[in-house]
Protein chains: 2
Amino acid sequence: MSNSRADVLAAARAILAEHSLADLTMRRLATDLGVRPNALYWHFPNKQTMLAALADDILAGVEPSRKGSAPERIRSAAVAMRAALLDVPDSAEIVSSAWASGLSTRSTLETIVTVARDGGLDAQTADGVATAVCQLTIGLTIEEQTRTQMERLGVTGPSGRDFDSEFARGLDVIVAGARAQTAVSTD
Amino acid sequence: MSNSRADVLAAARAILAEHSLADLTMRRLATDLGVRPNALYWHFPNKQTMLAALADDILAGVEPSRKGSAPERIRSAAVAMRAALLDVPDSAEIVSSAWASGLSTRSTLETIVTVARDGGLDAQTADGVATAVCQLTIGLTIEEQTRTQMERLGVTGPSGRDFDSEFARGLDVIVAGARAQTAVSTD
DNA sequence: ACCTGAACACCGTTCAAGT
DNA sequence: ACCTGAACACCGTTCAAGT
């Protein structure tokens, strides 16, 4: 009969899947779980902390690939991060806030740092690659998911933008930069 | 006695400067302007539109530099964008939402596309550079400004992060990528 | 051109108490 | 370990009307 912390996160995902971030209120979440709003505060001290836990949950499956060259592994981590975000509507915005609040991990960032270092990049360049990749992915996916929701609600027509290729082009530049720095350091 | 649209935006900036985005409510804005909350709806159809206008206002001064090599001009546009954001507390988050909503221009993005093309990059690479630069700048500045506010409110101690160098490292990778693509196309 | 009065339908969060 | 009752102090927005 009683709800666990995981139940709360699952109900939050369901609200995002069927509605939107605007509908993800503590009151609505409580109603869907069959409890009063204040019951949620037994699980989380506040909404911000709940959203940070959700952000970690959403990106939990993003792991480094074991095969391919260093640039290919950086690229595949970025693609995996983007896929994880696209899987849950409005999740990019949630991740952005969570990373900013300091209440979530930034484990995907660390994953990419590790991949880049293992590929032979020096520490500073590896940090730069991971930062650029994560911000590109989160930021562009916020734009895409927001458009998707606006179209779903009929408040706007199609944007005419091709987010997949915008992402691919941005990623190409970052990977080219990583490759250039690798070339420099192995010279 | 009566307020213009520009007065509303100026009052919004003042709230950000003295308080935070959380305090930037339509009700507080109205109080500061000496009117009732609903008076603001004469100037803007809703809060989202007001924030989009504010976002454009904040980035209005970011213009391409006329001197230096192509990589230097890309770098200086990125630095100018970051400076404009850092000048207004919590503005990066506002710009992120505004770009996503489609209610603001994305003129800074276009500025960087132009700078990159004029530097000899092909259209696709120029788009990739501009996208990567803008998302890096907005995303990292969201994190920095959020930390600044949390420290200001005493809810957190110092993060120990050096956002200036995180930004510099990310930007270095993107500029190296731009340079690499230039080299390829002029070969 | 710009503002008010009055209202609607919401929010997140707290506190003491219950099982 | 998990939830309720009751309340506090807010939000954005609408509509008709006023000057």
Side-chain angles (χ1 to χ4, degrees), chain A residues 1-12 14-16 18-55 90 93-94 97-98 100-104 146 149-150 153-156, chain B residues 1-12 14-16 18-55 90 93-94 97-98 100-104 146 149-150 153-156:
Chain A
M1 293 260 81
S2 72
N3 296 293
S4 69
R5 185 189 152 92
D7 293 332
V8 177
L9 296 181
I15 290 174
L16 293 175
E18 289 154 34
H19 302 89
S20 74
L21 181 54
D23 295 297
L24 180 45
T25 66
M26 296 300 266
R27 285 168 181 274
R28 166 122 207 197
L29 200 44
T31 301
D32 289 4
L33 287 162
V35 296
R36 304 278 160 182
N38 48 357
L40 300 176
Y41 292 83
W42 191 89
H43 298 285
F44 302 97
N46 49 48
K47 185 179 183 180
Q48 201 182 178
T49 304
M50 186 254 120
L51 289 174
L54 184 59
D90 287 338
E93 179 130 30
I94 291 169
S97 301
S101 74
L103 294 170
S104 66
T146 302
Q149 295 289 20
M150 291 176 77
L153 296 173
V155 307
T156 321
Chain B
M1 294 261 80
S2 73
N3 295 293
S4 69
R5 185 190 150 91
D7 292 333
V8 177
L9 296 181
I15 290 174
L16 294 175
E18 289 155 34
H19 303 88
S20 75
L21 181 54
D23 296 298
L24 181 45
T25 66
M26 296 301 265
R27 286 168 181 274
R28 165 120 208 198
L29 199 46
T31 301
D32 289 5
L33 288 163
V35 295
R36 303 278 160 182
N38 48 356
L40 299 175
Y41 292 84
W42 191 88
H43 298 286
F44 303 98
N46 50 48
K47 186 180 182 179
Q48 201 182 178
T49 304
M50 186 252 120
L51 289 174
L54 184 59
D90 287 336
E93 179 130 31
I94 292 169
S97 301
S101 73
L103 295 170
S104 65
T146 302
Q149 296 288 20
M150 291 176 76
L153 296 173
V155 307
T156 321

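Quantities reported herein were computed from a predicted structural model and do not represent experimental measurements. Each chain gets a letter, A, B and so on, in the order the sequences are listed, and its residues count up from 1.
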Return no unless some side-chain N or O of B:H43 is found under 4.0 Å from OP1 or OP2 of C:dA1.
no
Here the helical stems involving DNA chain C, each at least 3 consecutive Watson-Crick or G-U pairs closer than 3.5 Å, sorted by first residue number, are C:4-8 with D:12-16, C:12-16 with D:4-8
Checking the side chain of A:S104 only, and the main-chain atoms of A:A98 only, is there a donor and an acceptor separated by less than 3.5 Å?
yes
Just how far is it from atom CG of A:N3 to atom CG of A:L40, taken to the nearest 0.5 Å?
8.5 Å
Strictly under 4.0 angstrom, non-hydrogen atoms only: write out the protein contact profile of nucleotides 8-19 of chain C, one letter per nucleotide from the 5' end, B, S or -.
---BBBBB----
P-based separation of C:dA9 from D:dC10 [nearest Å]
22 Å
Say you draw a straight line from OG of A:S2 to CG of A:L33; how long is it, rounded to the nearest 0.5 Å?
11.0 Å
Any chance you could measure B:Q48, atom CD, to B:L51, atom CG, to the nearest 0.5 Å?
8.0 Å
A:T25: what forms a side-chain hydrogen bond (donor to acceptor under 3.5 Å, both in side chains) with it, not counting sequence neighbours?
none
In whole Å, what is the span from the CH2 atom of A:W42 to the P atom of D:dC2?
4 Å
Quick one: CG on A:L21 to CD1 on A:I94, what's the gap to the nearest 0.5 Å?
5.0 Å
Would you check if B:L54 and B:M50 make a side-chain contact, meaning some heavy-atom pair closer than 4.5 Å?
yes
Check for a donor-acceptor pair, side chain of B:H19 on one end and backbone N or O of B:A14 on the other, with a separation under 3.5 Å.
no
